[in-house]
Amino acid sequence: DIVAGTYFNKHLDFVIDSNDINHIAWVSGPSSSNNLMYWKTGQSGHSILGGSVTFSPISIDVDSNDEPAIAIKETGTNELYVLLPICVSV
């Protein structure tokens, strides 16, 4: 269960790859200590990719090899960050 014990803020995105694997990225936690989270089908629990996140828009996509990447824009500075590839074991 990816939501057990987490808060969902308004930033969430997902993509389904060519093998029908769901990849979900979101920002969770109370607004004072947001975490960038990631989960995919078959993964036990979720992964925290970063803490104290102050990001607004979030986007996740997969490349031609079904490797996920996350693009996020930092609130306040409007700086864009791209995290790729996301290496998370299942």
Side-chain angles (χ1 to χ4, degrees):
D1 189 331
I2 65 167
V3 298
T6 65
Y7 298 90
F8 275 89
N9 288 346
K10 61 184 177 179
H11 312 299
L12 177 139
D13 196 21
F14 75 96
V15 65
I16 301 171
D17 68 25
S18 64
N19 295 309
D20 291 328
I21 303 290
N22 294 288
H23 300 265
I24 303 172
W26 72 97
V27 177
S28 77
S31 59
S32 61
S33 61
N34 295 328
N35 291 314
L36 178 60
M37 312 295 283
Y38 171 78
W39 177 86
K40 72 178 181 179
T41 302
Q43 181 176 328
S44 176
H46 54 268
S47 300
I48 298 175
L49 303 179
S52 299
V53 176
T54 56
F55 298 103
S56 42
I58 183 171
S59 180
I60 188 169
D61 206 351
V62 292
D63 64 17
S64 60
N65 295 315
D66 290 331
E67 293 294 329
I70 297 175
I72 48 181
K73 184 182 74 119
E74 186 172 14
T75 303
T77 65
N78 290 329
E79 293 182 20
L80 182 66
Y81 296 90
V82 178
L83 308 171
L84 51 91
I86 301 168
C87 298
V88 178
S89 60
V90 197

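Under the 4.5 Å side-chain heavy-atom criterion for Ile, Leu, Val, Met, Phe, Trp and Tyr, Ile21 and Trp39 are members of distinct hydrophobic clusters. Following chains of ILVMFWY side-chain contacts shorter than 4.5 Å, one can reach Ile24 starting from Ile16, so the two form part of one hydrophobic cluster.
Taking 4.5 Å as the limit, every side-chain heavy atom of Asp20 sits out of range of all side-chain heavy atoms of Thr41.
Annotation for Trp26 and Ile58: closest pair N-CD1, 3.9 Å, computed over non-hydrogen atoms.
Qualifying side-chain contact (heavy atoms from CB on, under 4.5 Å) partners for Asp66, counting only residues two or more places apart in sequence or in other chains: Asp17, Ser18, Asn19, Val62.
Under a 3.5 Å cut-off, the side chain of Asn65 and the backbone N or O of Glu67 do not form any donor-acceptor pair. Side-chain N or O atoms of Asp13 include one that pairs as donor or acceptor with a backbone N or O of Ile60 at under 3.5 Å.
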